[in-house]
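This report refers to the structure that appears directly beneath it.
Nothing here was measured: the structure is a model prediction, and the numbers come from that model.
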Amino acid sequence: MVCLGNICRSPLAEGILQDKALKSGYQWKVESAGTGNWHVGEPPHPLSIKVAALHGIDIGHQRARQFVKEDFKRNDFIYVMDSSNYSTVKQISGSFWEDQKIELLMNELYPGENRNVPDPWFGNEDGYHTVFTMLNSACENIIKKHSSKTL
Ligand code: 4NP
């Protein structure tokens, strides 16, 4: 799960998908990163921690890190929050880039529409709730898609 700062959106996405995977009995290792390095080593934004906790998900242990090209090798799949993340990941990854391994997360909910997950960084708490709802629905579809494949 990749966003810009790795403190607002992608930590929530990591927490949500990891929680759903565990509850579905899938041994997935979900992680997140940011394309920028401003917040490396920091915990998620307090409002991301709060909104996750309201849904029973603890993301307080996460620490921000920057996306590195090796993430393409180490992960089976990469979801980005917006089109700007997509472009920056492409720049960072160079020859490690694999088209079939990366997708805008919201395309799991609205296939082919290339919608972005809005950045709540400059807004108030409402934005974090909106983002949670969007991420939760997209992650639910990832789980559903996987379970229909493994039936
Ligand atoms: P995120 O939000 O990409 O969802 O983690 C942001 C967090 C910090 C900044 C930008 C976006 N920043 O400019 O520091």
Side-chain angles (χ1 to χ4, degrees), residues 1-49 51-52 57-123 127-128 130-132 134-150:
M1 295 295 189
V2 180
C3 65
L4 177 59
N6 194 210
I7 55 166
C8 300
R9 293 166 292 175
S10 60
L12 273 174
E14 174 188 332
I16 291 167
L17 187 60
Q18 188 68 77
D19 182 63
K20 288 185 190 300
L22 279 173
K23 286 175 177 160
S24 306
Y26 301 148
Q27 298 196 340
W28 295 355
K29 166 83 172 66
V30 184
E31 57 182 351
S32 64
T35 57
N37 64 1
W38 311 282
H39 299 280
V40 167
E42 292 178 22
H45 190 285
L47 287 172
S48 287
I49 294 179
V51 169
I57 301 172
D58 179 11
I59 62 168
H61 60 278
Q62 294 183 27
R63 293 296 176 266
R65 71 174 180 88
Q66 190 172 21
F67 183 88
V68 291
K69 61 183 190 297
E70 290 76 15
D71 282 318
F72 253 107
K73 295 274 177 251
R74 295 193 300 110
N75 288 282
D76 297 316
F77 209 79
I78 294 166
Y79 285 107
V80 291
M81 300 298 127
D82 63 37
S83 52
S84 166
N85 306 150
Y86 190 92
S87 311
T88 315
V89 164
K90 198 166 197 170
Q91 278 171 17
I92 294 173
S93 303
S95 63
F96 284 63
W97 174 269
E98 292 176 70
D99 243 352
Q100 70 284 4
K101 266 198 180 181
I102 182 163
E103 183 62 282
L104 281 162
L105 178 59
M106 292 314 288
N107 278 344
E108 290 292 345
L109 202 53
Y110 304 105
E113 294 191 15
N114 294 339
R115 295 195 195 191
N116 294 324
V117 179
D119 195 339
W121 170 250
F122 294 106
Y128 290 79
T130 303
V131 164
F132 184 95
M134 294 175 78
L135 298 175
N136 194 52
S137 303
C139 290
E140 192 59 39
N141 274 11
I142 294 172
I143 296 284
K144 274 191 205 150
K145 194 163 85 177
H146 187 76
S147 45
S148 65
K149 269 189 211 158
T150 51

For C139, the option from L109, D19, I16 that meets side-chain contact (heavy atoms from CB on, under 4.5 Å):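 Running side-chain contact (heavy atoms from CB on, under 4.5 Å) over L109, D19, I16 with C139 returns exactly one hit, I16.
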
Candidates T35, V2, V80 - the one meeting side-chain contact (heavy atoms from CB on, under 4.5 Å) with T88: T35

Interatomic spacing from [atom1] in [X] to [atom2] in [Y] - rounded to 0.5 Å:
| X | Y | atom1 | atom2 | answer |
| --- | --- | --- | --- | --- |
| Y128 | C8 | OH | SG | 3.5 Å |
| L47 | F132 | CG | CZ | 14.0 Å |
| E14 | L135 | CD | CG | 12.0 Å |
| N37 | R65 | CG | CZ | 13.5 Å |
| L104 | Y110 | CG | OH | 14.0 Å |
| I102 | Y79 | CD1 | OH | 11.0 Å |

Got a donor-acceptor contact below 3.5 angstrom from the [X] side chain to the [Y] backbone?
| X | Y | answer |
| --- | --- | --- |
| R9 | M81 | no |
| N141 | E108 | yes |
| S93 | K90 | no |
| N116 | S83 | yes |

[X] vs [Y] side-chain heavy atoms within contact, under 4.5 Å:
| X | Y | answer |
| --- | --- | --- |
| I143 | L17 | yes |
| D82 | D119 | no |
| W38 | L4 | yes |
| Y86 | N114 | no |
| W121 | I7 | yes |
| L105 | M1 | yes |
| I142 | K145 | no |
| N6 | F67 | no |

Criterion side chain to side chain contact (heavy atoms under 4.5 Å, CB included) on I78 and K101, from CA distance to verdict: CA-CA 6 Å; I78 294 166; K101 266 198 180 181; 5.6 Å; no

cation_pi(K73, F96) dist<6.0 Å, angle<=45: yes

Over all atoms of both residues, closest heavy-atom pair of [X] and [Y]:
| X | Y | value |
| --- | --- | --- |
| G60 | P43 | O-CB, 4.3 Å |
| G15 | I57 | O-CG2, 3.7 Å |
| G41 | R63 | O-CD, 3.2 Å |
| D58 | H61 | O-CE1, 3.2 Å |
| A64 | G5 | CB-O, 4.1 Å |

Over 12 foreign heavy atoms within 6.0 Å of CD, Q100: yes

Trace of the side chain to side chain donor-acceptor pair (under 3.5 Å) decision for N136 with K20: CA-CA 9 Å; N136 194 52; K20 288 185 190 300; 2.9 Å; yes

All side-chain contact (heavy atoms from CB on, under 4.5 Å) counterparts of M134, not counting sequence neighbours: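 By the side-chain contact (heavy atoms from CB on, under 4.5 Å) rule, M134 matches M106, P118, T130.
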
